[in-house]
Structure formats: C-alpha cells, structure tokens
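The model shown is predicted, which means the values in this text are computed figures rather than measured ones. Proteins come first, then strands; the chains are lettered A, B, ... in the order of their sequence lines, and each starts at number 1.
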Amino acid sequence: MSFDAFNPPDPQLPASRLAVRRAHLLKEIRREDERGARVPGWFMAQSRPRRIALVVAVTLGLCAGIAVAAVKLLGEPAPKAIQSDLHAAASATFVPQTGLQSQTARVVAETRDATLYGVNDKRGDYCIELVGASRGLIWAMSCNVAQPSVPGGGMAGNEVATTYVVTDSGVEPPVVQFGRLPKGLVAARAVLADGTTEPITVGLNRFYLYQPSDKEQPVARRAPMTIEWLNHAGHVIWSWYLQPPQPLRFEGTPLRRISGRVFIDGAKRVMMGNSLGPSASKKNAFRPLGADGRFTWLFPPKVAFITVVDSHNQPLSMIESTLNEKDWRSFLAHARKRP
Amino acid sequence: MVMTAADPEQLWERARQGDDDAFGALFDLYSPAIYGYCFRRTADQALAEDLMSVVFLEAWRRHRDVSPERVLPWLYGVATNVLRNQWRSTRRYRDALRRVPVADRENDFVDDLAERLDAERRMREILATVRTLPEPEQEVLALCIWQGLTSGEVAQALGVSEGTVRSRLHRARAHLTGSGAAPVDPVPIAACERKDSE
C-alpha cells in the first residue's frame, strides 16, 4: 500500500472562499436573529429542550382542541359494541327500519346521566337510542320512520319505546326528555310546571337531550313540561307538551310483578294494555294506586305498554314499554359497559 | 470586523449574548480546522466547504443553549454529527446553502484545480481503507490522528470516556497495520496520548 493513513492531505480553503463563507454565515445568522426577534423573548430565553417541550405541548394542545372540535362537529363515534347493540335494538324494535348503517352510530347529545346515540340508514333517516344507567335504567329507542309526521322532520321523546326502570338499588332514574329540532330552528327550552324555564343544549344534527336540574327534577316527575322550539329570532315556533315518565320495577321473566310509586298530579290508577283508542278502558287492565301512590301488580297481563291515568283513564305519564327482568338486566349490563 | 487574539471561550460567551461579530471571530479561528476535518472525512472539497458552513450554522442554532468548556472540541462534535447525518443536516440548511454566492466559488478553484483534484484522489484512497473500520473508530482516528486532538478533547467531542477513545484508537491502529494498509507507526498515537497526559 503506497499511502499513509496517518498522513492525509490537508488542503486549505482559499482565503477568498473563507471570506465568502464568513460573510454568508454572518448574513444567515442575522437573518435568523431577525426571524428570532419575531418570537417572544420569554420563549427564546428558555433552554432548547424546554422550547421544544413547549412547542410539543402547544402542538398537542392544538391537536387535542381540533379533535374536541371535530367530535363536537361530527359527533363522537360510538364504540363498535354500541354500534352493534344499537343496530340490534333498532332492528328488533322497529322491524320496518332496514338498512341501518351501524358504523354511523354517534353520540348526538348527552346529559349527566344519559346519552343519546344516533344511527343513520341508507336514506339518511335515523334511529336513536337513549341510554342512562348511572341512576336506575333509562332506555328508549326510536326510529323516525315510526314517528308521526312532524313539520321539518322533528321528533319528540314521547313517541318512542321508552322505559324507566327502578333497578336493585331502588333508586329511580332521573327525568330526561329528548327530541330533534326541525331544520331552520336553532334552540329549545323547557318550561316546567312551576313556571321555571330552563335552556336546552342542542347537540349534534339538531338532536337534544334535556335533563332538568336537580332542583326541578321533583317538578318534572310530578307534572308535564313544555318543550319549546325557537327560531333564529328567538320566537317560539313549535311546542310539545310532554308527560312525565313513571319509573317502574319489573320482576320475573315472564313478568310476575310490576310495582312503582306514582307522584303525578291527578293520577288515579295504572293502565296496561295494547290500545289507547276510544275503547281502551274496555280492553285494558287497571290497577288502583294506594294512598301513598304505590301500586303492585302481581302476574300482570302480557301487554305492550303501561301508563298512569286520571279518573277518565286519560294518560298522565309517558307511554312506557314493559320489560321482563331478563331484558332490563341485559340492557343494564350493556349500558354499564359503555364508556 | 475581524477579531484577533481573543480567548475562544470568551468569544463564545459574547456570541451567546448575541454578538455576531464574536461568532465571526470564532469562524476565523476554527473554520480551517473544521474544513480540514470535513474534507478528510468526505474527500470532497466542495462538499466539505458546505459542511463547514453547516457546522457553524448548526453551532449558531444552538449557541444560546450550549456553554462548552472548550469550543473547538465541541465544534468537532457538531461536525461529527453533521458528517454522520449529512443528508439530514444539509437538507435542514438547504435554503441557506442556496444563498452562498456561486460565481466566486468558480473563480477560486480555477487556479488550483489540479492540486485540488490530486488532494481529493489521495484522500479517497485513504478513506477507501479507513472506511473498513467501524464508524466510531474512524471518528477517533480522524480526530486524534488527523486533527491532532488529545484523547480528552476527542472524548468531549464524541461524548464518550477517554478510555473508550483510547481503546477505539488502538483497535483502529491494529486493524490498519494488521491489514497492511498503514505502516506500523506508533508515533501519532503516542503523540495523541502524550498530549492528553500533559
């Protein structure tokens, strides 16, 4: 080998090149300084790792903000298990509702104790499911093809399969009402029986879920409320008169006992049946209330709904579906698994 | 303005306070050494010139955060990183490098083209052998033998212990002499270690 690795060539850069490079370097660092001057002094005073950490933190914050905004705008996708639950429940409850796209399931509105999920079908119609399992069990299912015609495609929570279940703890679920604003309307509010008005937060795609404040819960449990829909100008365009729910305790599969305590003003008895028409009082079964509003129904007839009625057998509570114990426990278990 | 006879560490401190001219003085002081190091690691004078600029731009980028005990070994450390990641480093400063005046470069090199080509050829031959060494040994060899740093300075530049520097150096020498690529010449290594013990 003819070379010496310990003695490599050492060419010098010509002085003129060094001068060019020096001038270029100083120009570049002054450019950097000018750019840096636009950055706040406190930021530049931090060490580089800290500056990087700050930038990362701000970037992550922005990403989180964007994610939150996206969830607000697009709705939080429901987990897979919920999507299939929802699909199964919708299919089971509303047979005509075909073509549901379970991957479109979203959280469309929430309150402290309940969540409203929505799922679309191929035509853009929807089914919704209301689930609340933190206190008792609230479960409701509705598909808009099964709804009475409402201007603008609106929907009220009363026109659905709903059940308020008193679970083993004996705690009653809170009152919640849900619905959907028609296109063109932007706000909703609740007017309670004591005259109190509470605003309603509108969720995704004009759906809303309203849970009266703790102070108003006893009022909402005792008497109907009015939900008002408002336009941009703040004018009430439509209103719904909504009966209170009646929490029920279901025992046995098949049902061997239904019980509950009624607080609703003017209530005389509990009616169970399959028809709400003019001949309802002849075909349906009734159970009187005790002095304290309690009732117990042993081996009740197999019927579709149950409601509290007045002395003329007019419904005073939501028309609720009956559930056997196996079914509500299954709903409860599913609901409690949800995030 | 060109500064002379200033302590490099003082110049660095002034540069940290935002004194661009002090940084220019550091460039005057150390650019030949950094250029030589870049050339000996690449065997390409044009590339070495760009890499030298990148080393000083990178040093400026970090000047507020670094207070090296000794500036030159730290600059060699920056240069070693730049050489390890040439593509990434030059990409970061691509726009800055585009702004280097080009016309002057051609004039500078016309006169000594033959000399330049010869130096590059000889360096390529050396690198062909040196590159058979693992990268860490190449770095130690280049810094200690070619650039004349002590093992302590090399340790500072590479962020390793002096013992590691010495063992890498001995392995490099054994490898080169054993393969017949270099004469058995303990003098440069001894010089490196002697300087270190001073």
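- Proximity to chain A is limited to the side chain of B:Arg40, based on heavy atoms less than 4.5 angstrom apart.
- Among residues two or more places apart in sequence or in another chain, the side chain to side chain donor-acceptor pair (under 3.5 Å) test is passed with B:Ser167 by none.
- For chain A, the option among B:Leu57, B:Asp118, B:Asp20 with the highest count of heavy-atom pairs below 4.5 Å is B:Asp20.
- The salt bridge (charged side-chain N to carboxylate O under 4.0 Å, His left out) search around B:Arg131 returns none, not counting sequence neighbours.
- Using modelled atom types and a 3.5 Å distance limit, the side chains of A:Gln12 and B:Tyr35 yield no donor-acceptor pair.
- Side-chain contact, B:Ser53 with A:Arg21: a donor N or O sits under 3.5 Å from an acceptor N or O.
- Heavy-atom distances place both the backbone and the side chain of B:Phe56 under 4.5 Å from chain A.
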